[in-house]
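Here the structure comes first, spelled out in C-alpha cells, and everything after it is commentary.
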Protein chains: 2
Amino acid sequence: MADRLTIYEVARRSGVSTATVSRVMADGKGFSAATRERVRATAAELGWVPSGTARGLASRRNGIVGLLFPDLGNSGELAEESPLYVDQVIRGAERAATSAAHAVLIAATHTTAGRELAFMVAGKVDGLVIMARCLSEPDIAVLSNSLPVVVLANRYSGDGPDFVGADNRSGSRAITTHLIHVHAHTDLAFLAGPADSPDSGERFAGFCEALDEADLPVPDAPIASGGFTETGGGAAVAALIAEGPRPRAIVCGNDEMAIGALRVLRAAKLRVPADLAVTGFDDIGVAQHVRPALTTVRQPMRALGEEAVRILLDRIHNRATPRASVVLPTELVIRRSCGCRVRPTSAEGGTRR
Amino acid sequence: MADRLTIYEVARRSGVSTATVSRVMADGKGFSAATRERVRATAAELGWVPSGTARGLASRRNGIVGLLFPDLGNSGELAEESPLYVDQVIRGAERAATSAAHAVLIAATHTTAGRELAFMVAGKVDGLVIMARCLSEPDIAVLSNSLPVVVLANRYSGDGPDFVGADNRSGSRAITTHLIHVHAHTDLAFLAGPADSPDSGERFAGFCEALDEADLPVPDAPIASGGFTETGGGAAVAALIAEGPRPRAIVCGNDEMAIGALRVLRAAKLRVPADLAVTGFDDIGVAQHVRPALTTVRQPMRALGEEAVRILLDRIHNRATPRASVVLPTELVIRRSCGCRVRPTSAEGGTRR
DNA sequence: TTGTAGGCGTTATCAT
DNA sequence: ATGATAACGCCTACAA
C-alpha cells in the first residue's frame, strides 16, 4: 500500500520502456518472447495491478457495461417480496457481460438521488442498460447521445435507443384467453396499473384482444386502477365488489395487485376461484405461495438482461447498426387462482404453458 | 455522438476556465451563484456527461466498489436452483454502496477466466469485496496489497484483508442441538463438504460442539464427504446406509447435499424424518419446496453484502483502522425434515428461531 | 472568485 | 522489436 506502483516502475525494473510493458500486458504483438517473459515476471513479482482507470482514459474503452435499475422499495420490507425481478436481470446481464470479458456496473436509480448516480455511472462505462422507470425520458435522451444505450422492459417513445422487452401483450392475451376458453368466463375485468405505465397499457391491450377474438364486448378502459401496488389493488377490488354486479374474473395488471385482490376477496367471504377467478402478471416469488396459488404470466427476466447486454455490446463494437427492438416471449404459469386444479411440482409450483 | 464533448468545450461556451467548471460540477465552493448557473446551464444544454474515467484518474477516486462472486453453475440448470445466495449479497452490497453514492462493479470469477477479469475489476474500483472461492489466496494477497479488500464468507488465513462472514459454527451447533434436545437423537452423523472448505470445517466444528455439550461421543472427522453437491451428497448417503448401522440423523454441510440425501433415502424406502432425520445448511430456495421441507440454517446474505461494503467504505476513507472481522449471526429454520411438525406460513415456509 | 498549469497512469502514434 | 512522447479528460494546488 506504499506509493502506487505504476507502469514506469515495472518498465524500469524490466529494462524496457512503458510502451513495451503496455504491449505485453495487452497481449498485443511486437515483442520477443524473452521480453514478454521478463516483463510478466517483474509485473507478477511486484504485484502490479494496472490502473483500469488510466487504461480506460487512454484507450477509450472501459470494458464495463452499466445497468441502471429501479430502487424497488427502499422501505426494506417490500424489497423482500420481489427480489427475483431485478436480480434476475442483473444476473442475466452479468452472464452476457462476463462471457465477453466485461464487468457490469450496477446502480439503483429512482427519480431524485438516482439521477446523479446515473450520470456518474454513465461516465464510466462503454454502454448502458436502463431499466424501466429509472430515469426520465429526457435524461435517457441525453445519455444516449453520448454513449450506447439499451432501454429495458420499457417501450421508449423516441426512436433513439435500442429496446428490449417482454411480450406483455401476448402474455396478457394468453391468460385472458385461458380464462375464456378453459374456464368459460365471459364477464372479465381488467385491473390496470398506473395510467402512464406502458406495461399496463400493453397488458390491457392484450386483454382486449382476447375479448375481441372471443367476440366478447371490449371495454374502452380498464375497470379500475390499482397503481401496481398490493394495497392499491385491494382497494380497487373492494370498491369493485361493493358497487354492483361483479365480474366473474379479474385480470390484474401485475401480481402485487392480484395479491391485494385475494386478500380483499377473502375478507369479503368470496371464494377464489369458485366465486371469482383472479390472475396476475410477473410471477413474483410469493405468487406460488399465496392461497390460492396465483395463475400469472412470467417474464423472462434473466433472458432480458442477457439480451440487453448482448445488443449493447453489439452496438458498442459497431455503432452503425439499425435500431434493435427485441421482444421476448412471456410464459403463462397456470396455478389455482384461475380455477385450474394443478398439483404444483416441488421445484416450480406451477405449470408452464 | 459527434466528437466527444469535453470540459473544455463547456468552459469555453460559458466563458470560464475548466477549473471553474470542475468546481461547479463537484458542488465545491469558490464561485459565484451567477457562474454556477451559467455553467450548469451550458452543461445541461450541451448534454455534457463528464468522463468518470478521467475524473477517477485525476482525483484518484472512482466512486466504485467491486464485488467478485463465484460463477455458480455456468451449467445453467444449477444456477436456477440457488439464485438467492449470490443475488442477495449483490443486492446488499448495492444498497450499502448506493446510500454512500457509490456504484457496484460486479463480475463472476472462477479460477480460470476469472482471474483476468478480477484484476481488471480491481484496477477500476476503490475497494473490493471478494466472496469465497473466487480467487486464490495469493491473488487475494496481491490485490489487497494495492487496494482495500474485504473477504466475504470465507475465513482468510492471512491477517491482511478485513473479513465478513456468517456464524457457521453457531448455526451448526444450533441445528445439532435441536436434533439432540427436541428430537432426542443420540446417534448423529455429519456429512461434510470439500475438505478444503473453511465453511464445512466450521460447520463440523459446531456439530462437534453440540455433541460435546450433550455428552455424546465426538467424532474425529465427518462420517463422509459429499463435496457440497446434490449428487455427491446422495452418493455419500447411499454408501452410508448400505454399509452398516445407520445413524438416526444426518446433519448435512449444506442444502444441496441434504436434498441429494432425501432423494436417496426415498429411493431406499427410508422415511424422513421418521426413520432418519436430515438437516441442511444455507436455506436455498428449493429447501422449502422439497418433501419433507428441509430444516436448515439460513445465512444473512443480504446483510453480509451490506456489512462487507460498509466496512470496505470505512477502510477506503480511513485506511489506518484495525483489521475488521465481523461474524453475523445465522438463523435456524425449522421445517419438517428434522421431525418437527410445523405448518409453513405462506410467506416463509418455515419457522425461524 | 477565478485562472494557469502540472499531473493522474495508460495507450497509441510515430519514429528508430 | 523497441522507444519517445503526445494524447486521453479531468482535478487541484498554486497564483492572481
Side-chain angles (χ1 to χ4, degrees), chain A residues 2-40 42-43 46-64 119-126 146-147, chain B residues 2-40 42-43 46-64 119-126 146-147:
Chain A
D3 262 359
R4 207 196 189 300
L5 197 55
T6 74
I7 197 174
Y8 289 103
E9 182 66 7
V10 176
R12 199 178 61 71
R13 305 265 282 235
S14 24
V16 297
S17 71
T18 62
T20 297
V21 174
S22 177
R23 291 188 191 104
V24 168
M25 295 314 285
D27 266 333
K29 300 302 174 190
F31 44 78
S32 67
T35 18
R36 179 202 152 84
E37 288 321 308
R38 192 149 32 92
V39 169
R40 289 204 104 87
T42 68
L46 264 46
W48 175 50
V49 180
S51 161
T53 312
R55 245 211 251 252
L57 182 56
S59 69
R60 299 132 166 285
R61 273 176 291 99
N62 291 296
I64 302 182
F119 275 72
M120 189 269 237
V121 166
K124 295 175 178 304
V125 301
D126 297 327
S146 65
L147 81 170
Chain B
D3 262 0
R4 207 195 190 302
L5 197 55
T6 74
I7 197 175
Y8 290 101
E9 181 66 9
V10 176
R12 199 178 61 72
R13 305 264 284 234
S14 31
V16 298
S17 72
T18 61
T20 297
V21 175
S22 175
R23 292 190 190 102
V24 169
M25 295 312 288
D27 265 333
K29 300 301 172 191
F31 44 78
S32 69
T35 30
R36 180 202 151 85
E37 288 321 310
R38 192 147 32 91
V39 169
R40 289 204 102 87
T42 69
L46 264 44
W48 176 50
V49 180
S51 160
T53 312
R55 246 213 253 252
L57 221 210
S59 69
R60 300 130 162 291
R61 274 177 291 97
N62 290 297
I64 303 182
F119 275 73
M120 188 268 239
V121 167
K124 295 175 174 308
V125 301
D126 297 327
S146 65
L147 83 169

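Side chains are part of it too, since the values below use all heavy atoms of this structure and drop only hydrogens, waters and symmetry mates.
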Looking at E37(A) and R40(A), is any side-chain nitrogen of the basic one under 4.0 Å from a carboxylate oxygen of the acidic one? no
May I ask you to list the residues of residues 32-39 of chain A, by number, that have any heavy atom positioned under 4.0 Å from an atom of DNA chain D? S32(A), T35(A)
NA contact type, G15(A), heavy-atom cut-off 4.0 Å: base, sugar-phosphate, or nothing? sugar-phosphate
Distance-minimising heavy-atom pair for [X] and [Y]:
X       : Y       : answer
R13(A)  : L46(A)  : NH2-CD1, 3.4 Å
K124(B) : G52(A)  : NZ-O, 2.9 Å
V125(A) : L147(A) : CG2-CD1, 3.6 Å
A11(B)  : T18(B)  : CB-N, 3.7 Å

Where along nucleotides 10-16 of chain C does protein come under 4.0 Å, by heavy atom, of base (B) or sugar-phosphate alone (S), with - for untouched nucleotides? BSBB---
Chain B vs DNA chain D, heavy-atom contacts under 4.0 Å, first-to-last nucleotide span, 5' to 3', is dG9(D) to dA13(D)
S14(B) side-chain N/O to V16(B) backbone N/O, donor-acceptor pair under 3.5 Å: no
S59(B) (side chain) donor-acceptor with R61(B) (main chain) under 3.5 angstrom: yes
Evaluate the side-chain proximity of I7(B) to W48(B): yes if any heavy-atom separation is below 4.5 Å, no if none is. yes
In sequence, state the C-alpha distance, the side-chain angles, and the governing distance for V39(B) and F31(B), and then conclude on side chain to side chain contact (heavy atoms under 4.5 Å, CB included). CA-CA 11 Å; V39(B) 169; F31(B) 44 78; over 6 Å; no
Is the CZ atom of R38(B) crowded by more than 12 outside heavy atoms at less than 6.0 Å? yes
